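Just follow the structure's listing: the first ligand is 1, and inside any ligand the first atom is 1. Numbers here simply count residues along the sequence, with the first being 1. These numbers were taken from a predicted model, which means no experiment stands behind them.
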Amino acid sequence: MSLVESAAALFREKFKEQPLLFRSPGRVNLIGEHTDYNMGYVLPAAIDKAIYFAMSPRSDRQCNVHAMDMNDEYAFSLDDLRSSKKGWPNYLMGVVDQFVKGKYSIRGFNCVFGGDIPIGAGMSSSAAIEAGLAFALNYIFELRIDALALVKFAQKAENEFVGVQCGIMDQYINIFGEKDKVLRIDCRSLEYKYYPFAFPNISIVLFDTRVSHSLASSEYNRRREECREGVALIKKYYPEVNSLRDVSLEMLQKSKQMMDPTIYRRCKYVVEENDRVLDACRELEKGDLKAFGSYMIKTHAGLSQDYEVSCRELDYLVELVKDNPHVYGSRMMGGGFGGCTINLIETNHIEQTSTTVIEKYKHQFKRDLKTYVTSIGSGTNIIAVNEHATV
Ligand code: GLA
């Protein structure tokens, strides 16, 4: 049985009615890391791994949710939204909270959800839950909220209810993703542009370190703070500056002497990364994936040495492949301190490359690496029932 069929079957068993079905994908990010909350550029894509929701509206204000992967359930009322010690219900309640705060006319619902996005691997399973539920609520209660507003609700759910000060990238790509396309988002204007990304001989391969260092969320919030500090200093010379997006390398040089060296390096990374996204997109337009990948390698160096969000496992994985002629690009992906590297590998060299990387990683860290060959899929959507005749 497929995952969506399992969700539907469990839903029917528990709630004795037919659900509506939704698919909400995970994401990769090709380039543009730690730039979203600095109002910069990112280049993510939705992937083939997803969370599936089986849902139906209720007539009262009760919400019953079953998490398939954890075999756990939770019930709450729209009138009593309080953070739960269990953790996972907060991703859902945070979204409901946004609809309630926005005074949208929603009622309670029944829901079974689950999927195959690995948790903690940096593929944004949390954004998939948040944006997926926002999309589903909008659909089942016929609220006609536009896509960008749903993205913002999902991001706010994470900021306000879960307490992680994430940027907008993950929720944005979840809703706006399209098959075989990467999306360049300008996180200042929120304008976007699709680039075709389907190459018969190149695949996106993730190497999952399977470590998730506890520093991740505290250091994430600290980086945001350091960038803010940098902006405040630069503003003394350039009052028109509101974020690192408004800063050029020349402007940064001018402000350097009044900056703490750490703050300077953080800012330098972000300013350079924004330029790299634009340069990499130019190569993509030309179809030069080798040149595109060379920017990914530079991004990793910046994340590791200047932004300092990498870790030895991630650095080791990039080091292993970066001079391999069949690997066009490699870098850590997402917030950092664990999770995956994203690699562009010639399709007929995936097996050979992965085998070597798995062996060496095991030898070095006494830990099993996981690999995922991903393809680019569409953003969150309703699944037509006839697509799943057995449902
Ligand atoms: C996490 C956050 C995103 C983004 C990345 C780093 O995935 O959720 O908003 O900041 O880290 O690029």
Legend entry - Numbered atoms of ligand 1 (with element) below 4.0 Å of Tyr37, judged on heavy atoms: 10 (O)
Inset, instruction - Check each atom of ligand 1 against the heavy atoms of Gly335 and keep those under 4.0 Å away; list them by number with element. - result: 11 (O)
Inset, instruction - Check Thr347 against Ile202 and note the closest heavy-atom contact, atom names and distance. - result: OG1-N, 3.3 Å
Legend entry - Residue pair Leu303 / Met332: nearest heavy atoms and the distance that separates them: CD1-CG, 3.8 Å
Inset, instruction - Let me know which of Ile345, Ile350, Thr374 forms a side chain to side chain contact (heavy atoms under 4.5 Å, CB included) with Ser203. - result: Ile350
Inset, instruction - Could you tell me whether some N/O pair between Gly167 and ligand 1 is separated by less than 3.5 angstrom? - result: yes
Inset, instruction - Kindly give the heavy-atom pair with the smallest separation between Met68 and Ser6, and that separation in Å. - result: SD-C, 3.9 Å
Legend entry - Distance filter under 4.0 Å to Met169 heavy atoms, resulting ligand 1 atoms: 4 (C), 5 (C), 12 (O)
Legend entry - Min N/O separation Arg27 to ligand 1 under 3.5 Å: yes
Inset, instruction - Give a yes or no on this: more than 12 heavy atoms of other residues, nucleotides or ligands lie within 6.0 Å of atom NZ of Lys152. - result: no
Inset, instruction - Specify the protein heavy atom at minimum distance from atom 8 (O) of ligand 1: its residue, its atom name, and the distance to 0.1 Å. - result: Asp170 OD2, 2.7 Å
Legend entry - Polar contact flag for Tyr220 and ligand 1 (N/O pairs, less than 3.5 Å): yes
Legend entry - Heteroatom distance test (Asn29, ligand 1): nitrogen or oxygen, under 3.5 angstrom: no
Legend entry - Subset of ligand 1 atoms that lie under 4.0 Å from at least one heavy atom of Asp36: 3 (C), 4 (C), 9 (O), 10 (O)
Inset, instruction - State, with a plain yes or no, whether a side-chain heavy atom of Arg276 is found less than 4.5 Å away from one of Tyr41. - result: no
Legend entry - Cation-pi geometry met for Lys298 and Tyr295 (6.0 Å, 45°): yes
